[in-house]
Amino acid sequence: MVDLFYPFDWLSNQIVTKLLGLSLHSSLGSALHFFFYDVPKVLTLLIVISFIVGTVQTFLDPQKIRYWISGKRTIFGNGLAATIGIITPFCSCSAVPLFIGFLEAGVPLGVTFSYLIAAPMVNEVAVILLWGLFGLKATVIYIAFGVGLAIAAGYIIGMLHLEKWVEPFVWALQKSRQGSESDPDNGDDMELTWKERFEQGHYSASEIVKSVWLYVVGGIAIGAGIHGYVPADIITQWAGAGNPLAVPIAVVMGVPLYANIAGVLPITEALVNKGLPLGTVLSFTMAVTALSLPEMVILRKVLQPQLLAVFIALMTMGIIGVGYLFNALLI
């Protein structure tokens with residue numbers, strides 16, 4: 001099989017061994033090789049796939065999407081919302097305003113939660129990085145678990161009818177909007193040319209790269225430090241395969257943190273290279289991106305503590321379960 005990233009590996013070797021005169025087996029040489037290899041690889045994937053997805057997104061009308069979702073109260077609506085979350089490259093904090101907008105527009109609470117969960121955890125950036133760092137199999141399993149978790153948690157919240165625990169001002173905003181929006185299928189849409197679609201894809205890719213490249217480089221730098229300098233036995237001692245509580249520990253450690261998915265995945269790559277089970281480190285990743293404290297603070301503005309507690313409990317149990325299943329499937 002052709003290694004598409006071989007040129008980056010060769011270039012990294014040349015920089016470390018020829019230009020800097022370091023051994024790849026030294027701590028510094030190993031860390032720098034990790035950094036110089038991962039940065040161009042991840043950024044290349046990010047640019048190419050973001051352009052493709054940005055072009056595809058020109059075929060999606062946000063008003064129509066919101067209109068369609070607003071009438072779906074079954075699990076189909078949860079699945080549709082989770083799918084939309086995949087193709088919208090938002091971090092958890094930027095997804096929250098859209099979450100509020102969906103509620104105001106009359107989208108059911110459970111369906112809206114499915115979107116909120118999927119958007120930061122299984123978006124296009126996560127898929128790009130997972131594929132580049134861990135391969136196709138791990139990426140497919142992660143997507144399946146992430147979307148499944150978003151659908152299940154949203155469906156359960158919808159079945160529990162917890163709308164009473166949403167702050168009243170949200171429903172007041174919803175009532176003020178009722179009757180003010182017309183059917184989006186009004187024939188006013190203008191068909192874009194392929195040139196305009198490609199221009200939008202270029203703009204989307206540039207915006208994504210501008211917003212996450214610093215997280216990517218920073219995450220890879222941290223990962224490089226872990227890869228080169230942190231002894232493997234220290235990490236595996238508290239979160240290795242031999243510790244049955246490794247997954248819950250990883251989730252608890254991830255909750256107080258906040259990082260863009262682009263910044264945390266290179267760190268997980270370094271942890272996997274040190275011997276941690278992939279399910280354990282991806283549970284850590286899910287906790288960082290879907291249960292971060294900044295997101296909970298923002299959500300508290302629209303959700304009462306009872307509903308926030310239900311959301312946290314469902315997500316925590318789901319992420320822990322995903323971690324154990326992931327480890328079992330990839331053994």
Side-chain angles (χ1 to χ4, degrees), residues 34 38 42 91-93 117-123 125-135 137-139 141-150 153 212 215-216 218-227 229-296 311-331:
F34 183 100
D38 264 27
V42 172
C91 67
S92 57
C93 289
I117 296 166
M121 195 164 57
V122 201
N123 61 53
V125 175
V127 172
I128 295 166
L129 297 180
L130 278 165
W131 192 2
L133 299 176
F134 301 116
K137 180 180 178 181
T139 303
I141 296 175
Y142 179 86
I143 292 172
F145 281 154
V147 172
L149 178 59
V212 306
Y215 291 102
V216 171
I220 292 174
I222 295 172
I226 294 172
H227 180 80
Y229 287 95
V230 178
D233 55 352
I234 292 179
I235 297 177
T236 56
Q237 182 177 359
W238 62 265
N243 185 354
L245 297 178
V247 173
I249 290 173
V251 171
V252 170
M253 291 184 63
V255 169
L257 305 176
Y258 175 69
N260 188 289
I261 187 71
V264 73
L265 277 177
I267 299 173
T268 69
E269 180 192 22
L271 293 175
V272 169
N273 290 341
K274 286 297 183 180
L276 265 69
L278 184 55
T280 302
V281 296
L282 289 183
S283 289
F284 169 81
T285 302
M286 287 181 172
V288 172
T289 56
L291 284 175
S292 67
L293 286 180
E295 179 187 6
M296 297 305 107
F311 171 68
I312 292 172
L314 284 173
M315 288 301 298
T316 300
M317 290 187 293
I319 291 173
I320 290 174
V322 164
Y324 282 121
L325 284 173
F326 212 114
N327 285 340
L329 289 174
L330 291 181
I331 289 177

In Å, rounded to the nearest 0.5 Å, how long is the span from [atom1] of [X] to [atom2] of [Y]?
X	Y	atom1	atom2	answer
W131	I143	CH2	CD1	9.5 Å
L282	F145	CG	CZ	10.5 Å
I320	L325	CD1	CG	12.0 Å

Taking side-chain contact (heavy atoms from CB on, under 4.5 Å) as the criterion, tell me which of V251, N327, T285 meets it with T280.
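Running side-chain contact (heavy atoms from CB on, under 4.5 Å) over V251, N327, T285 with T280 returns exactly one hit, N327.
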Please give me the minimum heavy-atom distance between G323 and S283, naming the atom from each residue.
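Reported closest heavy-atom pair: CA-OG, 2.9 Å.
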Please find the pair of heavy atoms, one from L329 and one from K137, that lie closest to each other, and give the distance.
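The answer is O-NZ, 4.1 Å.
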How about Y142 and L278: do any of their side-chain heavy atoms sit closer than 4.5 Å?
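Contact flag for Y142/L278 side chains = no.
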Side chain to side chain, Y324 and P248, heavy atoms closer than 4.5 Å:
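A side-chain contact exists here, since the closest heavy-atom pair is under 4.5 Å.
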